[in-house]
Amino acid sequence: MNVSGVVVERINAVVARLYPDAVGDLDSAARPSDRADAQINIALGLANKVGKKPRDVAQHIIEQLDVRDVCTKVEVAGPGFLNLTFADPHLTAALGAVSRDQSLGVQQAASPQHVVIDYSAPNVAKEMHVGHLRSTVIGDALVRMCERVGHRVDRENHIGDWGTPFGMLIEHLVDLGEVGAARELSVGDLDGFYKQAREKFDGSESFQQRARARVVALQGGDAETLRLWGLLVAESARYFATVYEKLGVKLTNDDLRGESAYNPLLAEVVERLKALSLLTVDDGAEVVFVDGFTNRDNEPLPLIIRKKDGGYNYATSDLACVIDRVERIGATLMLYVVGAPQAQHLSMIEAVATKAGWLNPPARKAPPARKAPPAHGASPARMVHVAFGSVLGSDRKMLKSRAGEAVKLIELLDEAVERADASIAQKNPELSVDERRKVARMIGIGAVKYADLANDRIKDYVFDWERMLSFDGNTAPYLQYAHARICSIFRRAGVSRESARAAQITLAHANERSLALWLLNYDSAVWDALERYSPHRLCTYLYELATRYTAFYEHCPVLKAESDAIRDSRLALCDLTARVLSDGLMMLGIESPEQM
RNA sequence: GACCCCGUAGCUCAAUUGGGAGAGCAACGGACUUCUAAUCCGUAGGUUGCAGGUUCGAUUCCUGCCGGGGUCGCCA
């Protein structure tokens, strides 16, 4: 399937014959190049091993290499690169295979993992804000990417539904009355509800006492208290669901798994750690000391499992969570789509879980993958922190509303759709209002998601309406527009997308060739993004694809092609491009409008 | 103070695990007048924060600085 594959194989064979002692750990990967169709750098590392000049080694390989059936040219370039130029029939055969492939050339995972992806994680009775955007959008993209290559995926939305604040929240609910509270919560102003409770708590001694008593009742399993707590959770869940629907992510109520779900396991975590002699008492708390972690005084830093007052904290429930995911769900890979500031906490959790033998992580450092040996027996599980930076305003500080508060996610999304709507109304007035509203949602929401995904997740990024909604540059609208243009061509041609696929593709024009080469890189782009849990790499690929398509569109008339054969060939290229764009955007959780 | 992350063109960002530094805006210079819809081509812009080290080769790896952000036991 991979165009370079056959060349790489033959080069490896030649190298093995010429330099039998130098085998192993050689970089024989074929990479895209702007000076050739592909580039292979094996001669450089090899030269080092055999003590010869890289260019001479490269030349030596070429002399022994016979790839005349697939390449028109193989030459030594630069310090010793092998620059490949593929024969057109080789490319068109590969394109045909990709076009016939339901998976568009994307390989399925050789050893499918059972992946648990932990993302979004809003708090009950609290508004979702921009802080939840990244986790939700990145997590959702990873869900889709993993599913796309055949991994089994469990989404887990680890909502904050437990802890001391629930004392005051429940008492506030009691004060408002259940009907009143439900009304308050259903309008989506969760922040208001929380703040009112907070104010009362801070201002009233008697309310504080009620709240504390309520926490005790909650933890003690008092039926009425649990019922009231359940109301708060249910109302919040309903609200989250509306946000997720608007955002177009796959999370549903079935994916909710609050901290409270792990309550029954907490005592067991303590027991198990105790049985392993990992637990020590320090300053009245039960803790685990982990090698390599120190506090500000350079003393060993403990992970607190049980507080001085006997209560548990989030470290305990995170450990319970690991046990649950590995032992009950059977996870082999756990992705934590959580902000970068949690890095230390998560690595301590991982260290303790490892020490306790709850993970049995393999020594192998390589990402999950397609070449991983099949697991045998009880699969070892790996934890990966998919960390991300913050969303910044134009002042390069954490994005805040004008009032200086966290920006509500729902308001951000509504504004995105409004802006997209206005933009379309101006650019394509012929679109019906209904159609426009539909498309505005795809574009507005897509723009927000793409702006988030297109940046390297570990870095902070600057939130900028104009840039993300622009039709130029690395944006969702640009990719969506390329897709819509293709659909437009087919509408005008009166040809079905399916029927276009049978055509014989020819690559006479440079822009056809450039487009074709890039289409053939889809598989490696998807895997590259997946192996690093970095959706932005897929974005970069899709942007380059759209760019090459636009150049093709500009220089290669489709409907007015000089012959039917060329027209059909170009239609086939258009169809395949649209499919890859749409499939790639799907993995990012972004829709592909047929017109806009 | 210790540790973690970041630093690339005026701005916003890429760079496929160590391989020939790129894109979009903005700037400048041309072409096009709509057939397929909201154009295309070109120019300029860089000591990749600084200084060393490893290497045939470093934006990438190592060490030390500078600058920005973050974390560092009883919230989650």
Side-chain angles (χ1 to χ4, degrees), chain A residues 27 29 31-35 39 41 44-45 47-48 53-55 77-81 83 121 123 158 160 162-165 259 282-287 292-299 301-309 311-315 317-318 339-345 347 367 387 389-390 392 396-398 423-424 426-428 430 454-456 458-462 464 466-467 470-475 477-478 481 484-486 488-489 491-493 521 524-525 527-529 531-532 534 536-537 539-541 543-544 547 550-551 553-555 557-560 574 595-596:
Chain A
D27 177 17
R31 298 186 171 86
S33 164
D34 50 355
R35 310 196 182 195
Q39 183 181 80
N41 300 334
L44 297 154
N48 200 22
K53 289 183 190 165
R55 287 190 64 99
F81 305 135
N83 278 359
N123 291 308
H158 199 79
W162 204 250
T164 47
E259 291 164 72
D282 190 80
D283 203 9
E286 295 183 83
V287 308
F293 295 91
T294 56
N295 67 13
R296 65 180 74 232
D297 299 320
N298 251 334
E299 296 158 349
L301 180 69
L303 187 65
I304 293 176
I305 305 298
R306 195 168 194 188
K307 299 185 289 184
K308 192 159 27 178
D309 65 5
Y312 302 104
N313 65 6
Y314 78 133
S317 77
D318 280 347
Q342 303 253 24
Q344 178 175 289
H345 169 70
S347 78
S390 311
L392 307 180
R396 282 213 147 262
K397 300 206 164 133
M398 297 270 278
S423 168
I424 301 163
Q426 185 198 349
K427 287 176 171 168
N428 191 0
E430 290 158 35
N455 286 286
D456 189 354
I458 199 64
K459 299 180 182 175
D460 298 343
Y461 77 92
V462 177
D464 182 332
E466 291 215 1
R467 206 168 50 240
S470 166
F471 281 65
D472 294 302
N474 191 7
T475 68
Y478 181 74
Y481 181 57
R485 275 180 139 173
I486 296 173
S488 168
I489 290 178
R491 273 197 301 277
R492 296 197 182 218
N521 284 333
S524 70
W527 276 99
D528 179 51
E531 282 170 352
R532 297 156 193 258
S534 291
H536 87 276
R537 293 201 166 243
C539 295
T540 304
Y541 168 84
Y543 174 52
E544 178 69 24
T547 300
T550 301
Y553 181 93
E554 205 62 41
H555 295 105
V558 178
L559 299 180
K560 297 184 172 179
C574 286
Q595 53 181 329
M596 58 191 275

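Order of the sequence lines sets the chain letters (A, B, ...), proteins ahead of strands, with each chain counted from 1.
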Separation of the [atom1] atoms in [N] and [M], to the nearest angstrom:
{"N": "G57(B)", "M": "C4(B)", "atom1": "P", "answer": "29 Å"}
{"N": "U60(B)", "M": "G20(B)", "atom1": "C1'", "answer": "15 Å"}
{"N": "U59(B)", "M": "U47(B)", "atom1": "P", "answer": "13 Å"}
{"N": "G46(B)", "M": "G10(B)", "atom1": "C1'", "answer": "12 Å"}
{"N": "C32(B)", "M": "C41(B)", "atom1": "P", "answer": "15 Å"}
{"N": "A51(B)", "M": "G73(B)", "atom1": "P", "answer": "38 Å"}
{"N": "C13(B)", "M": "G18(B)", "atom1": "P", "answer": "24 Å"}

Please classify the nucleic acid contact of [X] as base, sugar-phosphate, or nothing, using heavy-atom distances under 4.0 Å.
{"X": "Ala493(A)", "value": "nothing"}
{"X": "Asp318(A)", "value": "nothing"}
{"X": "Ala29(A)", "value": "nothing"}
{"X": "Pro165(A)", "value": "nothing"}
{"X": "Gly160(A)", "value": "nothing"}
{"X": "Thr550(A)", "value": "sugar-phosphate"}
{"X": "Ala343(A)", "value": "nothing"}
{"X": "Asp297(A)", "value": "nothing"}
{"X": "Pro54(A)", "value": "nothing"}

Whole angstrom is fine here: how far is it from [atom1] in [X] over to [atom2] in [N]?
{"X": "Asp464(A)", "N": "G24(B)", "atom1": "CG", "atom2": "P", "answer": "17 Å"}
{"X": "Arg296(A)", "N": "G70(B)", "atom1": "CZ", "atom2": "P", "answer": "14 Å"}
{"X": "Lys308(A)", "N": "C75(B)", "atom1": "NZ", "atom2": "P", "answer": "10 Å"}
{"X": "Arg532(A)", "N": "U60(B)", "atom1": "CZ", "atom2": "C1'", "answer": "11 Å"}
{"X": "Asn298(A)", "N": "G1(B)", "atom1": "CG", "atom2": "P", "answer": "12 Å"}
{"X": "Gln39(A)", "N": "G57(B)", "atom1": "CD", "atom2": "C1'", "answer": "13 Å"}
{"X": "Lys307(A)", "N": "A76(B)", "atom1": "NZ", "atom2": "C1'", "answer": "10 Å"}

Problem - Arg491(A) side chain near A37(B) phosphate (N/O to OP1/OP2, under 4.0 Å) - result: no

Problem - Parallel, tilted or perpendicular, as decided by the 30° and 60° cut-offs, for the rings of Tyr543(A) and Tyr478(A) - result: perpendicular

Among [options], the nucleotide that comes nearest once only the side chain of [X] is considered:
{"X": "Lys560(A)", "options": "G19(B), G73(B), C35(B)", "value": "C35(B)"}
{"X": "Tyr314(A)", "options": "U39(B), G19(B), A76(B)", "value": "A76(B)"}
{"X": "Asn41(A)", "options": "G19(B), G73(B), C35(B)", "value": "G19(B)"}
{"X": "Tyr481(A)", "options": "A37(B), U39(B), C74(B)", "value": "A37(B)"}
{"X": "Asn313(A)", "options": "C25(B), A2(B), A76(B)", "value": "A76(B)"}
{"X": "Asp283(A)", "options": "C25(B), C56(B), C74(B)", "value": "C74(B)"}
{"X": "Gln344(A)", "options": "G20(B), U71(B), G73(B)", "value": "U71(B)"}

Handout entry: Paired and unpaired positions of RNA chain B as dot-bracket, Watson-Crick or G-U wobble under 3.5 Å, | denoting a partner strand
Key = (((((((..((((.....[..)))).(((((.......))))).....(((((..]....))))))))))))....

Exercise for the section: Kindly say whether Leu392(A) contributes a backbone atom to a donor-acceptor pair with the side chain of Ser390(A) at under 3.5 angstrom? Expected result: no

Handout entry: Ser33(A) (side chain) donor-acceptor with Arg35(A) (main chain) under 3.5 angstrom
Key = yes

Exercise for the section: Return yes if the base of G20(B) and the side-chain atoms of Asn83(A) contain a donor-acceptor N/O pair under 3.5 Å, otherwise no. Expected result: yes

Exercise for the section: Please state whether the base of A37(B) and the side chain of Ser488(A) form at least one donor-acceptor pair under 3.5 Å? Expected result: yes

Filtered N/O pairs between nucleotides 8-14 of chain B and protein, under 3.5 Å:
| unit_1 | atom_1 | unit_2 | atom_2 | d |
| --- | --- | --- | --- | --- |
| U12(B) | OP1 | Arg396(A) | NE | 3.4 |
| U12(B) | O2' | Arg467(A) | NE | 3.2 |
| U12(B) | O2' | Arg467(A) | NH2 | 2.7 |
| C13(B) | OP1 | Val462(A) | N | 3.1 |
| C13(B) | OP2 | Arg396(A) | NH2 | 3.2 |
| C13(B) | O3' | Asn455(A) | OD1 | 3.2 |
| A14(B) | OP1 | Asp456(A) | N | 2.5 |
| A14(B) | OP2 | Lys459(A) | NZ | 3.1 |

Practice task
Nearest-nucleotide wise, let me know which of Pro32(A) and Phe471(A) is further upstream toward the 5' end of RNA chain B.
Solution key: Pro32(A)

Exercise for the section: Map Trp162(A) and Asp282(A) onto RNA chain B by nearest heavy atom, then report which one ends up closer to the 5' terminus. Expected result: Asp282(A)

Practice task
Applying ring pair (Phe, Tyr, Trp, His ring centres under 6.0 Å), name anything that partners His158(A), two or more places apart in sequence or on another chain.
Solution key: Tyr262(A)

